[in-house]
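Take a look at the structure set out below.
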Amino acid sequence: MEPPSNGRVPLAGGGNSYGGIVNELFVEGPTDSSPSIASSSSLTTPPSAISGGVSSIPSDYPPSTSSMPVIEDFMIRDEDNNSSFQGGGMTSPIGSNAPGVSMSMARPNGLTTISGVFAPVALSMFSVLLFMRMGFVVGQLGFLMTVVQLIMAYAIVMLTVLSLCAISSNGAIEGGGVYYMISRSLGPEFGGAIGVLFFIANVFSCALYVSGFTEALIQNLGQGQIPDSPLYRFFYAVAVCIVLLIICLLGSGIFAKTALATFVIISVCYSTFLLSVFFVAPFDVPIPKANTHAYLTLSNASDPGSPLVPDFDQTITGRYSSFSFTSLGENLWANYTMDYTTEKPTDFALMFAIIFSGVTGLMAGANMSGELARPSVSIPRGTVQAVFTTLCIYILTAFLMAATSTRDLLQNDYTVMMDTNFSRWPILIGIFSTTLFSSMSNLIGSSRVLSRLAQDKLFGILLKPASIEIGNANPVVSVIIAWGAVIGVLMIGAMNKIAKLTSIFFLLSYMGVNIACLALELTSAPNFRPTFKYFSWQTCAGGVICTATMMLVIDASMSAISVLTLLILIIILHYQAPAGSWGSISQALIYHQVRKYLLLLDSRKEHVKYWRPQILLLVSRPASACNLMDFVNDLKKSGLYVIGHVKKGRMDADGRGADPLQQVSAYWLTLVDYLKLKAFLEVTMTENIRTGIQQLIRLSGLGAMKPNTVVMGMYEEKPGETTLDASKLLKDLRKCKIERTEVVEYFTATDYMPRELNGTLDRLSSLDYVACMRDILHMNKNLCIARHMHKLDKDAISRGWNGQRRCIDVWPVDLAKPGETGLGWDNSSLFLLQLSCILSMSSRWRSSCRLRVFICVNSLQDMHRREKQLKELLDTLRIQAESVVVPWDHVVCHAPQDPRAELSSTYVRAFNDMVRQYSSDAALCFLSLPAPPEEETDRYLDRLRLLSNNLPPTLLVHGLTSVISTAL
């Protein structure tokens, strides 16, 4: 059967039996475990970073010393002649940072599909439902409704099985089973939390099975000959656990042989039931005395109102009819009565819970993933075959039960299969075998999960002993710890109370598998190519919904407690667990959603009401620009923030053919993380710095998310002092591989710092700097020049000044047009006001600073009128600020008469003196930036420095676009 071109095939198949369907579910599988892609990125980078400038690449900089990843040793087995090819370590030709392809080594001595997956899953799904509950289920539901509920339960299970098969056939699988699959798909936090709950569920389940085994043993074999008390039952349970411990310590080989032997035993026991159907003559079966409700009679036969009391002297029977269509017809439809063990009425939901709890052992094979010869083939194939096998057996059993026993017998005798068999012993042995093996499967499964949790170091040294293995990777310490946990649960007791919690924990793990597969399918990751094709995102989503529904059906309050426990574990692991090298599906989901929404974000639909700053900060020396980078992080107001850096050089300058920027980016990204900046990084390389800045302005961002504002540091006559210090960086960055001291050394290295002017002009020249300013404005970007940011001390700002809040001072004065000051507000002045308002709204500035807006007037007569106009403007723009009117006759008298004339130094100095008089104690000053000229660049820069001399941290702003709206 060929799958359709879309790679998904509906869950239906040809063939005359379930085996035919199972075989069609698989494409031609590999002969070995599928290869996994392992990324190795060990970056060591050289020193190197723009107060609008550039850093140079030393020609003698040594190449990276990081070791190249290699293709690990692998073995490809030939299934036909059992020959093998042994491969050595091959060096990757891609480069020092190229990912390696890790071929998982086949396990020639591993478990087969039958012994490692099919038998454990089939035995776990049979449990006690087959031998002790099926007759009662048929008596309550009738044959037809039993089949319906079996199909419903198996449909829910099958949805999870499909997800399990898809994940397990997508690559090489190691030990850990469900935890390994979820953690490698959803990341260490979610996977580790599910792994812990799955371990606890297996421990609880093992204790439940051991307790049930002990009780059945005493009730059926003791017959009063052996002591029976809670203490004795605990000792019997410990003895059973010791047997289980010995088998598990002997390794997976003994477990597989035990599974096969148990499967054969149960098959023989079940065959005796089939023979009894046709060879045992009809007879009356006594109702067991444990069913006290059936023996209730009136304490006074002559008084109908007398209380009911059990009368065990009478004999009550139910008819075993052998195979009869009459009995089948009577048992077709539902007839709900009461569960005599709990004395509670039965209904559809209760019976479904009984059926579903008996068929949830589908992870028994996945738990042995580390011991399987070909886990990516065996887990899907063995699990699906076991599911279809057990479904057919259950339907056959329900049919035969309905056709051989009367309704009264089925409803009042849990052990009807045992009581109607030609001998009780085969059925009793079947009950003991399924219970004992299920407990052993839970014990060995919990130990494998615990061992993988320890190997992944999610809980640090707490689980380190559990990672110890001996022999053929047998985690003996994990087995002993799991065994001790089972003993602890047996000591606590209260089995009935933890039964529901166990089922919910298992369902949570099943939900995790479905969520993992759903996430992988929705992200459309190219490397998600499972060989198992019979699944889709709809089946995964259905599995999530069904498992969640079943959790609520079992117990809503317990489900809430379980989910809360899961969330707490996720939070703990988020802050505690080391960074995993296997990747996280969250990154793929984020990428998928971001790409989708970026395509929906249309720059042609932008509106001034929703304008926000999208800033490109040009940085040359981060060692002297840390305060500036942190300041812009506050200024962006949830907008785009890009840090741009231009390196001067050529790709082939050193003759190595490697991209030098790849080595530089690792340190830049680490610095951004240590400074806790919400910024993207763009680094480019050109032989001309101006060209590189143009590249950054044009190409930074993506789609409609592109910078609309460019920030540069002031061009100083001498390079600024280094302010980068390890004490200013975050002390601990959990997922960072580069220490903060190493980052500081890198950015303050001698070769990285720009040299003084020596004829080679390693720094950006003043001519090019002003040309870059003009380029920014020509490309319709708002321009900001920052100065004195090394004085910015946020700790001092938060403390205040003499107990008072500091000020953010705004001076919207266009020095080139002094006559228009205060009369009208152009785009540049409004942009200046908008940026200052955004900064004052930032969480770190709002509580410690207040906004002041200064307006300059030429005469005292206009002061009140101008102040009133300013307040009305601020109210209209909904900006909370203090308005200050300042006379500046002594300043404007030095202004040139021609607006196109150059600003005189006397005029600029007088304005600077006035600003210092009012804003010397301000936390930050916003000033208008005069437009850059075509010529006289050095004199222009001198005027800018004179304008901002001896001021607090200052931002010179020149805006072009409309950024403020008064519309609703």
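Note that the coordinates shown come from a computational prediction; the quantities given were computed from them, not determined experimentally.
- Counting only N and O atoms by type, the side chains of T346 and D339 include no donor and acceptor under 3.5 Å apart.
- Taking 4.5 Å as the limit, some side-chain heavy atom of S439 sits within range of a side-chain heavy atom of L244.
- At least one donor-acceptor pair closer than 3.5 Å links the side chain of S559 to the backbone N or O of M551.
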Inset, instruction - For the pair L162 and F532, evaluate side-chain contact (heavy atoms from CB on, under 4.5 Å) and give the outcome as yes or no after the intermediate values. - result: CA-CA 8 Å; L162 296 179; F532 183 87; 3.6 Å; yes
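- A heavy-atom distance below 4.5 Å is found between the side chains of T160 and M363.
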Inset, instruction - Tell me, with the steps shown, if V477 and L450 meet side-chain contact (heavy atoms from CB on, under 4.5 Å). - result: CA-CA 10 Å; V477 176; L450 183 64; over 6 Å; no
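- Here the side chains of V553 and F356 are not in contact, with every heavy-atom distance at 4.5 Å or above.
- The shortest heavy-atom contact between C165 and V384 is SG-CG2, 3.5 Å.
- Judged purely by atom type and a 3.5 angstrom limit, S124 uses its side chain to pair as donor or acceptor with the backbone of P120.
- Pairing each heavy atom of I515 with each of V544, the nearest pair is CG1-CG2, 3.7 Å.
- Side-chain contact check for L507 versus Y510: some heavy-atom pair is nearer than 4.5 Å.
- A side-chain donor-acceptor contact under 3.5 Å links S478 to the backbone of A466.
- Residues Y154 and Y394 have side chains in contact (heavy-atom distance under 4.5 Å, counting atoms from C-beta outward).
- At a threshold of 4.5 Å between non-hydrogen side-chain atoms, the residues V513 and M181 do not count as touching.
- Side-chain atoms of S185 do not come within 3.5 Å of backbone N or O of I182 as any donor-acceptor pair.
- Aromatic pair F263/F118: centroids less than 6.0 angstrom apart.
- Taking the six-membered ring for Trp, F437 and F255 have ring centres closer than 6.0 Å.
- In this structure, P188 and L573 approach most closely via the heavy-atom pair O-CD1, 3.9 Å.
- Rounded to the nearest 0.5 angstrom, S441 OG and M368 CE are separated by 8.0 Å.
- Without hydrogens or angle criteria, Y236 side chain to S211 main chain gives no donor-acceptor distance under 3.5 Å.
- Proximity of a side-chain donor or acceptor of S378 to a complementary backbone N or O of P375 within less than 3.5 Å is not detected.
- The line from CD of Q140 to CZ of R133 is 12.5 Å long, rounded to the nearest 0.5 Å.
- Taking a 6.0 Å sphere around NZ of K289, one finds it holds more than 12 heavy atoms contributed by other residues, nucleotides or ligands.
- Residue I461 qualifies as open at atom CD1: its count of foreign heavy atoms under 6.0 Å is 12 or below.
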Inset, instruction - Start with the C-alpha gap between V449 and V178, add the side-chain angles, then the distance that decides, and say whether side-chain contact (heavy atoms from CB on, under 4.5 Å) holds. - result: CA-CA 8 Å; V449 172; V178 175; over 6 Å; no
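- Atoms CZ and OG1, on F506 and T547 in that order, are 14.5 Å from each other to the nearest 0.5 Å.
- For the residue pair L260 and A119, the shortest heavy atom distance occurs at CD2-CB, 4.4 Å.
- Closest approach of Y270 to T397, counting heavy atoms only: OH-OG1, 2.6 Å.
- Of the possible polar contacts, one joining the S447 side chain to the I444 backbone as a donor-acceptor pair under 3.5 Å is found.
- Here CE of M158 is found 10.5 Å from OG of S163. Values are rounded to the nearest 0.5 Å.
- Note on ring orientation: taking the six-membered ring where Trp is involved, the planes of Y340 and F136 are perpendicular (angle over 60°, cut-offs 30° and 60°).
- For the atom pair N202 CG and F505 CZ, the distance stands at 12.0 Å (nearest 0.5 Å).
- Checking each of L428, L123, T262, V264 against S433 for a side-chain contact (heavy atoms from CB on, under 4.5 Å) leaves exactly one that passes, namely T262.
- Formation of a donor-acceptor pair under 3.5 Å by the T435 side chain with backbone atoms of F432 is not found in this model.
- For D413 and T415, the side-chain atoms include at least one donor-acceptor pair closer than 3.5 Å.
- Within the model, atoms CZ of R374 and OG1 of T113 stand 6.0 Å from one another, a figure rounded to the nearest 0.5 Å.
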Inset, instruction - Please test M491 against F234 for side-chain contact (heavy atoms from CB on, under 4.5 Å), starting from the C-alpha separation and ending with a verdict. - result: CA-CA 7 Å; M491 292 177 65; F234 172 73; 3.3 Å; yes
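- C241 and L490 make their closest contact through SG-CD1, 3.7 Å (heavy atoms, listed as atom of the first residue, atom of the second, distance).
- T272 places a side-chain N or O within donor-acceptor distance of the main-chain N or O of C269, the cut-off being under 3.5 Å.
- Between F235 and Y232, the ring-plane angle classifies as perpendicular under the 30° and 60° cut-offs.
- Using modelled atom types, one finds no donor on one side chain facing an acceptor on the other under 3.5 Å when comparing S423 with N421.
- With a 4.5 Å cut-off on side-chain heavy atoms, L130 and T434 do not count as touching.
- By the 4.5 Å heavy-atom criterion applied to side chains, T549 and I156 are not counted as neighbours.
- A donor-acceptor pair under 3.5 Å is formed between the side chain of T389 and the backbone N or O of Q385.
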